[in-house]
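Reminder, nothing fancy here: chain letters follow the sequence lines and each chain counts from 1.
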Protein chains: 2
Amino acid sequence: MKLSRQFPLNALRVFEAVARHLSFTKAGEELGLTQTAVSYQVKLLEETLKETLFLRQPRKILLTEAGARLAPKVTEGFDILASAVNEMQGVAEGTLIIHSTHTFASHWLARHLGIFQLDNPTIAVRLETSQAVIDFSKTEADLAIRVGTGEWPGLKSHFVMRNHFTPMLSPKLADTIGGVHDPLDLLKLKIIDPGDPWWRLWFTAAGHPDAPLESASRNRLGSQAVEAAAAIAGHGVAILRPDFYQDDVAMGRLIQPFDLTCEDGSHYWLVYPEARRQTAKLRAFRAFLQKTLPSFDKGPDSGIM
Amino acid sequence: MKLSRQFPLNALRVFEAVARHLSFTKAGEELGLTQTAVSYQVKLLEETLKETLFLRQPRKILLTEAGARLAPKVTEGFDILASAVNEMQGVAEGTLIIHSTHTFASHWLARHLGIFQLDNPTIAVRLETSQAVIDFSKTEADLAIRVGTGEWPGLKSHFVMRNHFTPMLSPKLADTIGGVHDPLDLLKLKIIDPGDPWWRLWFTAAGHPDAPLESASRNRLGSQAVEAAAAIAGHGVAILRPDFYQDDVAMGRLIQPFDLTCEDGSHYWLVYPEARRQTAKLRAFRAFLQKTLPSFDKGPDSGIM
DNA sequence: TTCATGCATCAGTCCTCTTGATCCATAGAG
DNA sequence: CTCTATGGATCAAGAGGACTGATGCATGAA
């Protein structure tokens with residue numbers, strides 16, 4: 001209780017309202033307090049300052065000289081505080097901070113965010129990328145795009161898209177072996193990061209669970225972009241998310257030899273703290289995904305994509 | 001508790017300190033709170049604003065963008081509030097508001113206040129006169145000079161001077177009857193306000209309780225100055241406080257024919273609310289009276305004057 | 001006179017605020 | 001790499017402050 005005694009801010013706030021209305025009762029109405037409470041607070045302030053602030057005359061009150069001198073500056077002070085809070089909230093509402101993996105950011109968000117910004121010209125977007133799973137309490141972010149199962153305690157998550165993958169390579173490389181027609185053809189080429197579990201999953205799905213793959217332990221975290229670059233350069237076959245490389249396919253830099261795609265159970269999700277669900281910018285972003293992605297919020301098992 | 005919920009001012013104050021120190025613990029020390037209390041208040045504010053203000057990282061905290069935007073303006077707001085209170089108190093301490101009867105103000109205070117102001121150049125004096133007994137809760141005043149018995153509930157009173165009186169008249173008028181040598185000589189002249197009870201008291205004290213005086217009921221409240229003016233103009237004999245007319249005596253405009261003075265039990269007192277006893281300006285004023293008036297604070301029965 | 005208005009006072013209640021203990025994560029020292 | 005110090009979060013408990021409703025008082029208006 002010490003704080004309120006050192007400097008009775010609430011009493012000062014009540015005083016400010018009373019000074020404006022020149023009425024305890026009216027000030028109480030403005031503040032949602034009873035006249036009794038107002039009287040109490042004013043008295044408290046007067047005792048703290050050791051100055052009489054109001055002259056209580058029957059049926060009306062007047063400011064003393066001290067009170068009259070105090071009131072305008074107090075009003076100014078509270079105005080600044082109020083506007084500070086308002087502006088802060090306004091600005092905060094007007095900036096959307098997105099954390100995403102580098103891959104998703106560069107291959108999907110970067111390409112579609114323009115639509116969001118056209119639809120929401122008042123919202124500024126800040127896009128941050130990081131491979132690590134961010135902690136909303138330690139990092140400044142309104143939302144994040146994460147890969148996982150969609151289960152994170154305390155966070156609300158919406159399904160964004162499946163995280164499927166399939167081998168991709170440059171058409172020139174395919175030509176060196178007369179084209180890729182069978183999954184096993186791939187083994188004639190250099191496999192980029194053959195230790196990636198996705199390879200085993202894919203070959204298994206293709207009916208070749210025993211395909212001879214080196215089982216190096218290297219994790220592919222964060223390297224999909226590098227692998228893609230290597231594949232485009234013709235250094236080998238990479239296992240990639242085809243969605244993300246449609247441009248490269250269209251430009252003839254990559255081909256997807258098989259329709260077969262695989263999944264490992266983890267997908268892309270939009271996540272944010274449960275409590276912020278209702279902010280305008282979040283609603284706007286959800287609406288944007290809804291409009292742009294047919295699969296949005298439909299769960300990993302319902303959508304086709 | 002409603003006020004603090006609508007807009008948690010104390011939490012804002014805590015936030016301000018934390019933002020300056022970038023430390024919950026240090027802010028707590030500044031405010032005289034524990035780290036726990038600071039943590040609680042910050043959390044409260046964040047929940048109210050629905051904005052994270054600090055990023056809690058191990059062994060240090062950072063302001064979020066929202067927090068960084070909020071902090072400087074909040075500091076400014078509190079600075080203004082603090083300076084408002086300080087200035088108000090400074091000004092209030094620097095102004096002494098005296099309420100006095102018109103008579104005492106014009107005949108004693110006006111003549112001696114110069115000394116007080118020389119001794120206390122930092123204190124501005126505002127002198128208000130009124131016949132009515134003022135109510136400190138309804139009128140703005142630091143102290144008052146009152147006539148009475150010295151007993152007022154809730155007020156501290158110091159004896160200032162006896163309220164004695166004696167007949168006074170113009171020397172020219174005295175000459176018209178060959179000088180005033182015996183109290184009964186006065187009856188040869190016009191008595192100004194013969195209904196004034198002071199006349200009866202004085203004649204009784206002079207050994208003539210049966211002096212023939214008209215017993216008009218008119219009260220002399222506030223009219224001493226008028227009576228004096230009439231006496232100076234030679235219109236008759238007035239019963240006055242000799243102290244207040246020493247100048248007129250010195251200038252030959254009035255004479256006090258008899259040394260005998262009377263009292264009616266009421267005297268001049270300095271009064272002020274008990275609670276304000278220790279303010280600097282009140283101490284200064286008491287010291288001034290002490291220095292200037294031998295009778296000050298000695299009680300009506302001890303002093304000679 | 002009687003009524004209406006507006007503040008002060010009082011006693012009681014609710015719940016905010018604060019504390020102290022404890023836990024946890026990390027940076028830095030050795 | 002282990003150990004220690006630092007700094008914040010969490011928890012339960014308790015004190016005391018803020019608020020309410022009823023009542024009283026003084027005054028201006030009808």
Side-chain angles (χ1 to χ4, degrees), chain A residues 1-15 17-19 21-48 52-64 67 132 134-139 153-154 273, chain B residues 1-15 17-48 52-64 67 132 135-139 153-154 273:
Chain A
M1 293 301 170
K2 278 187 177 173
L3 231 195
S4 41
R5 308 223 69 176
Q6 293 174 38
F7 197 83
L9 276 173
N10 287 322
L12 213 55
R13 180 158 167 62
V14 170
F15 162 76
V18 175
H21 291 290
L22 283 183
S23 158
F24 284 33
T25 309
K26 295 235 183 69
E29 285 165 11
E30 173 180 318
L31 298 171
L33 297 177
T34 59
Q35 171 263 322
T36 312
V38 174
S39 175
Y40 169 80
Q41 294 284 1
V42 169
K43 194 173 171 188
L44 187 71
L45 184 62
E46 290 181 328
E47 282 168 5
T48 307
T52 305
L53 267 8
F54 295 101
L55 300 176
R56 278 77 160 177
Q57 298 188 333
R59 294 176 61 87
K60 71 172 174 180
I61 57 173
L62 300 173
L63 279 164
T64 61
I134 69 152
D135 178 337
F136 281 96
S137 71
K138 295 184 180 171
T139 316
Chain B
M1 288 302 168
K2 278 187 177 173
L3 231 195
S4 41
R5 308 220 70 173
Q6 295 174 36
F7 197 82
L9 276 173
N10 287 323
L12 212 55
R13 181 159 167 61
V14 170
F15 162 76
V18 175
R20 264 187 293 110
H21 292 289
L22 282 182
S23 159
F24 283 35
T25 309
K26 296 237 183 65
E29 283 166 11
E30 172 179 318
L31 298 171
L33 299 177
T34 59
Q35 171 262 326
T36 313
V38 174
S39 175
Y40 170 84
Q41 294 284 359
V42 169
K43 194 173 172 189
L44 187 72
L45 184 63
E46 290 182 327
E47 281 167 7
T48 308
T52 304
L53 268 6
F54 294 101
L55 299 177
R56 279 77 161 179
Q57 298 187 332
R59 295 177 60 89
K60 72 172 174 180
I61 56 174
L62 299 175
L63 280 164
T64 60
D135 178 338
F136 281 96
S137 71
K138 295 184 181 172
T139 316

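Contact between the side-chain N/O atoms of B/Tyr40 and the OP1/OP2 oxygens of C/dC17 is found at a separation under 4.0 Å. Within the structure, every side-chain polar atom (N or O) of B/Arg56 is placed at least 4.0 Å from both OP1 and OP2 of D/dG7. Contact check, A/Ser39 against C/dT9: no side-chain N or O comes under 4.0 Å of OP1 or OP2.
Contact annotation: the side chain of A/Val18 never approaches that of A/Gln41 to less than 4.5 Å [non-hydrogen atoms, C-beta and beyond]. Taking the side chain as every heavy atom from C-beta outward, B/Arg20 and B/Glu30 approach each other to under 4.5 Å.
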- Contact state string [nucleotides 20-30 of chain C, B base, S sugar-phosphate only, - no protein heavy atom under 4.0 Å]: BB----BS---
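Across the protein-nucleic acid pair, B/Glu29 atom CD and D/dT6 atom P stand 12 Å apart, rounded to whole Å. We find that CD of B/Glu47 is positioned 14 Å from C1' of C/dC17, with the value rounded to whole Å. Straight-line distance from the CZ atom of B/Arg13 to the P atom of C/dT18: 12 Å, rounded to whole Å. The separation between A/Leu55 atom CG and C/dG6 atom P is 18 Å, rounded to whole Å. Computed from coordinates, the B/Lys26 NZ to D/dG7 C1' distance equals 10 Å when rounded to whole Å. Straight-line distance from the CG atom of A/Leu45 to the C1' atom of D/dA18: 15 Å, rounded to whole Å. Rounded to whole angstrom, the span from the CG atom of A/Leu9 across to the P atom of C/dC17 amounts to 12 Å. Distance CG (B/Leu62) to C1' (D/dG8): 13 Å, rounded to an integer number of Å.
Nearer the 5' end of DNA chain D, as judged by each residue's closest nucleotide, is the contact made by B/Lys60, out of B/Lys60 and A/Leu44. Nearest-nucleotide assignment on DNA chain C puts the 5′-proximal partner with A/Phe24, out of A/Phe24 and A/Asn10.
Rounded to the nearest 0.5 Å, atoms CG (B/Leu12) and CG (B/Leu44) are 11.0 Å apart. Expressed to the nearest 0.5 Å, how far OG1 of A/Thr52 lies from CD of A/Glu47 amounts to 10.0 Å. The CZ atom of A/Arg13 sits 9.5 Å away from the CG atom of A/Leu33 when rounded to the nearest 0.5 Å. Separation of atoms CZ (A/Phe15) and CG (A/Leu9) is listed at 13.5 Å; rounding is to 0.5 Å.
Note: B/Phe24 and B/Phe54 have perpendicular aromatic rings, judged against thresholds of 30 and 60 degrees for the angle between ring planes.
The side chain of B/Ser23 approaches D/dG8 more closely than any other nucleotide in the set D/dG8, C/dG6, C/dA8. Side-chain proximity of B/Gln41 to C/dT9, C/dC17, D/dG7: nearest is C/dC17.
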